[in-house]
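Just so we're clear, the structure is a prediction, and the values are computed from it rather than from any experiment. In each ligand, atom 1 is the first atom listed, and ligand 1 is the first ligand listed.
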Amino acid sequence: MPTSRLTLASEVKYLKGVGPARAELFASRGIHTVEDLLYYTPFRYEDRTRLTRIRDLIPGQSTTVLATVLTCGLTRTRRGLYIYDLAARDASGMLRCKWFNAVYLEKNKVFRQGQRVFFYGKVEQDPYGTGNLQIIQPQFEILPETEPDGSDSLEVGRVVPIYESLGKLSPRILRHLIWTALASLDGQIPDYLPASVRGRNELLDRPTALRLTHFPDKDQPLEDLSRFRTPAQVRMIFEEFFNVGAGLALKRRKAKAVPGIEFRITESVRQAIKKILPFHPTAAQKRVLKEIADDMGAPRPMNRLLQGDVGSGKTIVAIQAALLAIENGYQVALMAPTEILATQHYLYVRQLLRPLPYKLDLLISARKGSEKKELKERIAQGAVSLVVGTHALIEEDVKFAQLGLAVVDEQHRFGVMQRYKLIRKGLAPDVLVMTATPIPRTLALTLYGDLDFSVIDELPPNRTPIETRLLGESERASAFEFIREKVRRGEQAYVVYPVIDESSKLDLRPAVQMYEHLARNVFPEFRVGLLHGRLPSEEKEGVMLQFKQGEVQILVSTTVVEVGVDVPNATVMLIEHAERFGLAQLHQLRGRIGRGRGKSCCLLLAGEPRTEVADVRLRTLTETTDGFRIAEIDLKLRGPGEFFGTRQWGIPAFRIANLLRDQEILEWAKREATEFVERPQSCQEYDEFVSYLRAAWARRYGLAAVA
Ligand code: ADP
Ligand code: MG
């Protein structure tokens, strides 16, 4: 064990009070170093400055009391419950405190007569009519005898930081550990935020900001603290956004610095597009295609996000971009998040591109080993122009002869890192990322700060809006009847069943049973198909194809149909247990219908009783089909932590910043970060910051390359 002094980089186990068990607990929550611990910040604050005299206590209120211990000890009730009972008094009266099963208080001799203690908790009347007031399980802090005024107390008598408990580590323990860490560091906390940025924006230095974020001074108004707008908190939030913003700006700068392919819009490109276009593009599709083509024609690599609600027609835009690349003699990779979606894209593209002589293929892990091997060889030789695939595309052994364009569909399923892996497959291919998740623009700017933007904000013509109805269990029969009528008229239907874990047989059973029930008993006259994640790949493809061609009339499916599946003749979707789905997911699911000219109807069958939040989700869905509005409500319901979970987005989950609450700081920090990266004031400052950032990102996100 090193006796050297504690630094931010020290492992947290070297902190006084952290033994192996606590260190392990911390590690399981991603807290490895002292620095990690200091970034575990309070989520709220409690004002315990105003001390109330015992005589003035009001039952029902939470208050802080400073009192002297009179008696204390463990008692055992007749039912065998251990109660630790303590009586204390101040000059005005008497108070009891009780802890259940708190044998440790006795064993560790926590309290002694004559001690002065802060108690905090909810005051109530003693039920035994003694006239005394009591607090059950109060938080407490015993005053050290040397500091009779209690000015250094962490627990009470001040604005107290409240942390989320970490397993067994209560807010109180965390408070003490963090206090100890700050005291041991004794202000020895380097500040990496560039001095010029700090100065220009009048931000607090890091040691002060950290200290005051955890342990606010008396002069910081509780009101500001609760809004996370004290100078200390603002500095911490700014720093977090600044680092991410600078990281993305660096990536962007690097991506722009290498020479890219200059794709030319030749006559052959125009002819090829003309041959395959099945309809007139909308004005929005034309506009974004122009943005993409201009970008592809520029002498630097494209990094572009194509955003558009479900059904807005992103696929055809991507295909036109693909033609531009192929006609210029390059290969194209189209990556989709699931095998079903990759397969569907492949089938669609193959059919669409039939008039053209290109070689296309499909790379998914379900294919036979020998086939895959052979395909990879042909990709390496440049004998395939367009490869559609899943994650299999970014495996080490996939090498392209001339990758010119990488299209990544449904970005939110991939991480930023996977995107970069694909980029490395080519020298400097252009990249087009497609997403159907409509996120507010400011947020998109952070998440995709390294990308340019194109937005399709218009749906193809002749779409009749989807009607969405919320039904109860008692209306099940009429829902089935509704489907029957539609299918009789030649239309098709989805019945979707929630399955949490597609890989678990047990989870899948209700969906399979539903399928059997529908096929045998409810719709014996129709052809019913089943689609779920555990089916062998060929079977999945088979069912999808049959549904597309109208051979299967009713498709019972799990949420694997959520992304991208496109069957315009399907006009009804019945969603079972709709209360179990997330809002965004329901919106995506519903996007499978309403794709043709016919009127589409989405039936939400929801169980009772359901939570209030589930109710809001369902009602929102019946009220709007606007993906933007839905995303915003979803964000509010779930909170950004979950909405932007690290895994889903491949970007950092913020530690103190909050994307909803702190949007204006986000924009400010992002502006400053871009400015700093693009117009650095001093080389030294720039280099120092970049090497810090690189190390910090590598450590936190396990990635080698920021820039
Ligand atoms: P998404 O943006 O969800 O990926 P798709 O690209 O799958 O949407 O397109 C949705 C449907 O709309 C498809 O059936 C597609 O053929 C059709 N579509 C796309 N653009 C147009 C258009 N300009 N006119 C008519 N139909 C279109
Ligand atoms: Mg799509």
Side-chain angles (χ1 to χ4, degrees), residues 273-292 304-323 334-338 340-354 386 388 407-414 432-439 453-466 491-492 494 544-545 547-550 555 559-571 573 584-600 602 625-628 630-631:
I273 289 180
K274 217 164 155 192
K275 268 192 206 147
I276 61 122
L277 262 194
F279 37 65
H280 292 293
T282 61
Q285 284 170 320
K286 280 192 206 150
R287 174 173 42 78
V288 301
L289 181 64
K290 181 165 185 318
E291 289 165 4
I292 292 166
R304 187 167 284 275
L305 181 74
L306 175 56
Q307 206 186 356
D309 204 352
V310 269
S312 61
K314 295 182 291 292
T315 317
I316 195 74
V317 173
I319 290 174
Q320 293 177 80
L323 294 192
L334 171 55
M335 187 155 93
T338 65
I340 289 184
L341 193 54
T343 306
Q344 174 184 284
H345 272 320
Y346 173 67
L347 295 174
Y348 180 68
V349 174
R350 197 176 63 180
Q351 187 224 342
L352 203 65
L353 299 191
R354 196 161 284 156
L386 192 157
V388 184
V407 180
V408 184
D409 193 12
E410 306 296 352
Q411 157 76 8
H412 64 290
R413 295 292 179 96
F414 293 109
L432 183 65
V433 175
M434 300 197 285
T435 175
T437 309
I439 44 179
F453 266 66
S454 286
V455 182
I456 305 184
D457 48 9
E458 173 187 11
L459 289 182
N462 303 318
R463 291 267 173 89
T464 329
I466 303 171
E491 295 168 28
Q492 287 164 280
Y494 293 98
M544 276 308 306
L545 199 62
F547 190 58
K548 250 191 142 87
Q549 292 167 346
L555 184 65
T559 44
V560 293
V561 296
E562 178 190 339
V563 259
V565 173
D566 184 39
V567 180
N569 191 47
T571 56
M573 175 174 281
Q585 196 177 20
L586 285 168
H587 178 63
Q588 288 289 328
L589 278 170
R590 181 171 62 176
R592 299 307 112 218
I593 56 171
R595 306 189 138 236
R597 282 164 186 272
K599 180 166 176 56
S600 287
C602 178
T625 52
D626 178 346
F628 254 94
I630 288 174

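Atom numbering of ligand 1 starts at 1 in the shown order; those under 4.0 Å from a heavy atom of Ser312 are 2 (O), 8 (O). Ligand-side atoms of ligand 1 in range of His280: 22 (C), 23 (N), 24 (N), range being under 4.0 angstrom from any heavy atom. Atoms of ligand 1 found under 4.0 Å from any heavy atom of Thr315, numbered from 1 in the order shown, are 4 (O), 5 (P), 6 (O), 7 (O). With ligand atoms numbered from 1 in the order given, ligand 1 contributes 18 (N), 19 (C), 20 (N), 21 (C), 22 (C), 24 (N), 25 (C), 26 (N), 27 (C) to contacts under 4.0 Å with heavy atoms of Pro460. Shown in contact with Thr282 at under 4.0 Å from a heavy atom are these atoms of ligand 1, numbered in order with element: 23 (N). Listed by number with element, the atoms of ligand 1 under 4.0 angstrom from any heavy atom of Pro281 are 23 (N).
For atom 7 (O) of ligand 1, the choice among Lys286, Lys314, Arg595, Gln344 with the nearest heavy atom turns out to be Arg595. Comparing Arg592, His345, Glu458, Gln285 against atom 20 (N) of ligand 1, the shortest heavy-atom distance belongs to Gln285.
Residue contact check for ligand 1: Gly308 places no non-hydrogen atom closer than 4.0 Å to it.
Taking distance alone, with nitrogen or oxygen atoms compared against 3.5 Å, Gly313 approaches ligand 1 more closely than that limit.
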Assess whether side-chain contact (heavy atoms from CB on, under 4.5 Å) is satisfied between Leu306 and Thr435, documenting all intermediate values.
-> CA-CA 6 Å; Leu306 175 56; Thr435 175; over 6 Å; no
Between Cys602 and Ile593, is a side-chain contact (heavy atoms from CB on, under 4.5 Å) present by the stated rule, with each step listed?
-> CA-CA 8 Å; Cys602 178; Ile593 56 171; 4.0 Å; yes
Worked verdict on Leu589 versus Tyr494 for side-chain contact (heavy atoms from CB on, under 4.5 Å) = CA-CA 10 Å; Leu589 278 170; Tyr494 293 98; over 6 Å; no
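Within the 3.5 Å criterion, the main-chain N or O of Phe453 finds a donor-acceptor partner in the side chain of Arg304.
When the side-chain contact (heavy atoms from CB on, under 4.5 Å) test is applied to Leu347, the partners found at least two apart in sequence or on another chain are Thr343, Arg350, Leu545.
Between Thr625 atom OG1 and Ile630 atom CD1 the span is 6.5 Å, to the nearest 0.5 Å.
Ionic pairing of Asp309 and Lys314 is not present here: no N-O contact between side-chain nitrogen and carboxylate oxygen is shorter than 4.0 angstrom.
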